[in-house]
There are 2 protein chains.
Amino acid sequence: MTAVVRRKPTVNAQKVAEKAGVSRSAVSRTFTDGASVSPETRDKVLRAAAALGYHVNHLARGLIRNESGIVCLIASGIGTPLQAAMLDGLTLALQDAGRIAMVLNCAGDPVSVEHALRMTLNYRAEASVILSGSPPASIVTTCLDNGQRLVLLNRSEQIEGVGTVSIDNEGAARDAAAMLARAGCRRIAVVSSTAGTASLVAREEAFIREATKLGLETLPHRAGPTSYASGAASARALLAGADRPDAAFCVTDLLALGFMDAARHDLGLRIPEAFSVVGFDDIEQAGWASYELTTFRQPVSELVSCIMGQIGSSTEGVGPVPSRLVKAEPIWRRSVRVSPALKDA
Amino acid sequence: MTAVVRRKPTVNAQKVAEKAGVSRSAVSRTFTDGASVSPETRDKVLRAAAALGYHVNHLARGLIRNESGIVCLIASGIGTPLQAAMLDGLTLALQDAGRIAMVLNCAGDPVSVEHALRMTLNYRAEASVILSGSPPASIVTTCLDNGQRLVLLNRSEQIEGVGTVSIDNEGAARDAAAMLARAGCRRIAVVSSTAGTASLVAREEAFIREATKLGLETLPHRAGPTSYASGAASARALLAGADRPDAAFCVTDLLALGFMDAARHDLGLRIPEAFSVVGFDDIEQAGWASYELTTFRQPVSELVSCIMGQIGSSTEGVGPVPSRLVKAEPIWRRSVRVSPALKDA
DNA sequence: TATCGATCTGCACAGCTGTGCAAAGATGAA
DNA sequence: TTCATCTTTGCACAGCTGTGCAGATCGATA
């Protein structure tokens, strides 16, 4: 006598119709925007639905309308301040737009991104936002063929039909180089990570190019993943010898904060008097009083609204969505020493 | 001549069956675990599916199986380090268990939690995890009636059929009081927030009760929401007068870090020599060299596996899931001065 | 009153899949 | 060869909803 799996009697539109004494169509129309129902039947239906605890089945609705209402967010390192802020903003914006967010936590490598996009297709998501990692080309075309919108964040490649929102890494990195040159720095550590993410590499290379052009010496260094610990390790490695650099450009605020802490507490350096640090992202912690990090802001809310624009209202066709380039404004705080020249002025 | 909305020809099991020269059932069985298909047809199907870019429609599958594979995570303040860490762990664990996470970003008030749970029912989620906020009782029973599993985090109320995972706030708060008493502190600021969250109130009250029992004086203070800024504001308010406290118990690490920064940089206090601070949560930043905050750890991975246990394998019935109480271990760092008594030993 | 128009309602089909049941095919044994 | 057993396959139904189309109801106007 095996235990019989007794499926709970689910409450569907049919039940509501019977209780309200109307047809099932009337129930459906009551919960469909812009459908034609008389106020009385509408009332009867709503009352019956509330009594039974009826909730429209979005799986079935998505099946017939071919609009699931689901938008997938594909990211890695969700626990990180910047990614968490992006997720916060995106989930909220999606809800305001009547969609719902599915979060796929991937490792960042192409295989896991492809896996995530497959899941995306399984759930017939209307759009997917890839916040980190880079998808193989084949799965991208499959997504587009299935009518899914795709938005990539901080990818340099332009793909036909794929929306792109990018930070102006090059411009900001050039500004950073100029900023440190004006402060009178000469030997500059360039602290990056071994992750090899496109935008991080872009920042590093653009900075080195501009700094070299300005006659500055650069010392690239990568201690590990993009983290506080890696920043601290870089500081200990770079500041140990006799001929130290006199400034550091860190491609990420997390790296910068770790770098600052190690420089101050392990090596006794005074920032900004004896050493200048510039970061990137403007995460919340960069503004904390222990750091007061001068950095470049990733304008989260602007990025979010750009992404929402790319996702669009799902009505228009495959119009070639213009890719957006967002400026990263410098945020002046107190981790860069004031230039002697400016002091005189 | 209006633009005809031409629905893209979707690729479904029927198309795959035709291309592979088999029946649609064979396609379905190929993608169903434990179904009976011969290796040859299976191969033909897989080849045809790959060629067409077929992906099983989980909406339809969920409709017929009554198992959507969706688990909803309801939270507010996703950008916060602790919540972000929880989301990171939960999304990963869910994916490993073959489910997928939907994230509902709510404001925390009962109305928005109810709204989120309604959405949960619309998508026929198998389970919902409420990470913050407190749902009205009526919607809870509706969820249970619809066969949805429900897990509450840090709720004191026991509801029949609802899983609960809680941190031992009281025990940890008592430990904190004893810790500060042993360090020789006498007047202790209790820094909390105006949020009124159950677990924060529990920490505050348990601490005050135990501290009073130990003969310590307590000065409760709430400057605003649970944030770095509120912690800093509390420090400025509490440390301005002449008869300062000599220690602070902050019900959250974010509050503690803000408190420390304001105490040090605005008021010139030395921590831990002249002032001791204890926090709660052990967010990543608490371990940074600028803070070295002594605190109590919310064991994220343990909480995650407890929650996963409550969600269960969805096979068994409404068995009364035992509620779990997780200990918050003290993490000794350097924000509490070493007791003169211990120094002698 | 008869006709027209507007508004609402119900029928029936489509959308995609999983699975029980019966039939067919394959395999082994007598 | 004949029978029995096991595996595989196809049919057809269920699961829940949105919507086009035709019919019904109602009010208003000539």
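All figures in this text were calculated on a predicted structure; none of them were measured in a lab. A, B, ... follow the sequence lines: proteins, then strands. Residue 1 opens every chain.
In this structure, A:Ser28 reaches the bases: a heavy-atom distance under 4.0 Å links it to at least one base atom across the strands shown. A:Ser36 comes within 4.0 angstrom of a nucleotide base, judged by non-hydrogen atoms across all strands. B:Thr32 comes within contact range of the sugar-phosphate backbone alone, with a heavy-atom separation under 4.0 Å but no base atom that close. Using a 4.0 Å heavy-atom cutoff across all strands shown, A:Val27 reaches no nucleic acid atom at all. Using a 4.0 Å heavy-atom criterion, one finds that B:Tyr54 contacts the sugar-phosphate atoms exclusively.
Nearest-nucleotide positions on DNA chain D place B:Ser23 closer to the 5' end than the other of B:Arg61 and B:Ser23. Both B:Arg124 and B:Val37 sit near DNA chain D, but only B:Val37 has its closest nucleotide nearer the 5' end. Mapping B:His58 and B:Arg29 onto DNA chain C by nearest heavy atom places B:His58 at the nucleotide closer to the 5' end. When the nearest nucleotides of DNA chain C are assigned to A:Pro39 and A:Arg24 by heavy-atom distance, the more 5′-ward of the two goes with A:Pro39.
Evaluation of atom-type donor-acceptor distances gives no pair under 3.5 Å for the side chain of A:Thr41 against the base of C:dC8.
We find that CG of B:Asn66 is positioned 11 Å from C1' of D:dC16, with the value rounded to whole Å. Rounded to an integer number of Å, the gap from CZ of B:Phe31 to P of C:dG18 is 10 Å. Rounded to a whole Å, the CG atom of B:Leu63 is 17 Å from the P atom of C:dA14. Atoms CD1 (A:Ile64) and P (D:dG18) sit 8 Å apart, rounded to a whole Å. What separates CD of A:Glu67 from C1' of D:dT17 is a distance of 14 Å, to the nearest Å. When rounded to the nearest whole Å, the span between CD of B:Glu40 and C1' of C:dA26 equals 12 Å. When the P atom of C:dG18 is taken as reference, atom CG of A:Leu59 falls 13 Å away, rounded to whole Å. For the pair B:Asn122 CG and D:dG18 C1', the computed distance is 15 Å after rounding to whole Å.
Side-chain contact of A:Ser25 with A:Ser28: a donor-acceptor pair under 3.5 Å is absent, judged by distance alone.
B:Glu114 and B:Arg118 are joined by a salt bridge, as a carboxylate oxygen and a charged side-chain nitrogen come within less than 4.0 angstrom of each other. The residues A:Glu126 and A:Arg149 are annotated as not salt-bridged, no charged nitrogen and carboxylate oxygen being separated by less than 4.0 angstrom.
For A:Thr30 (side chain) and A:Ala26 (main-chain N/O), a donor-acceptor pair under 3.5 Å exists by modelled atom type. With hydrogens and angles disregarded, no donor-acceptor distance shorter than 3.5 Å links the side chain of A:Asn146 to the backbone of A:Arg124.
For C:dC16, one of the phosphate oxygens OP1 or OP2 lies less than 4.0 angstrom from a side-chain nitrogen or oxygen of B:Thr10.
With a 4.5 Å cut-off on side-chain heavy atoms, B:Arg61 and B:Val56 count as touching.
Nearest nucleotide to the B:Ser25 side chain, out of C:dG18, D:dC11, D:dG18: D:dC11. Relative to the side chain of B:Ala60, the nucleotides D:dG10, D:dT19, C:dC16 differ in distance, and C:dC16 lies closest. Of the candidate nucleotides D:dC16, C:dC16, D:dG10, D:dC16 has the atom lying nearest to any side-chain atom of A:Asn12.
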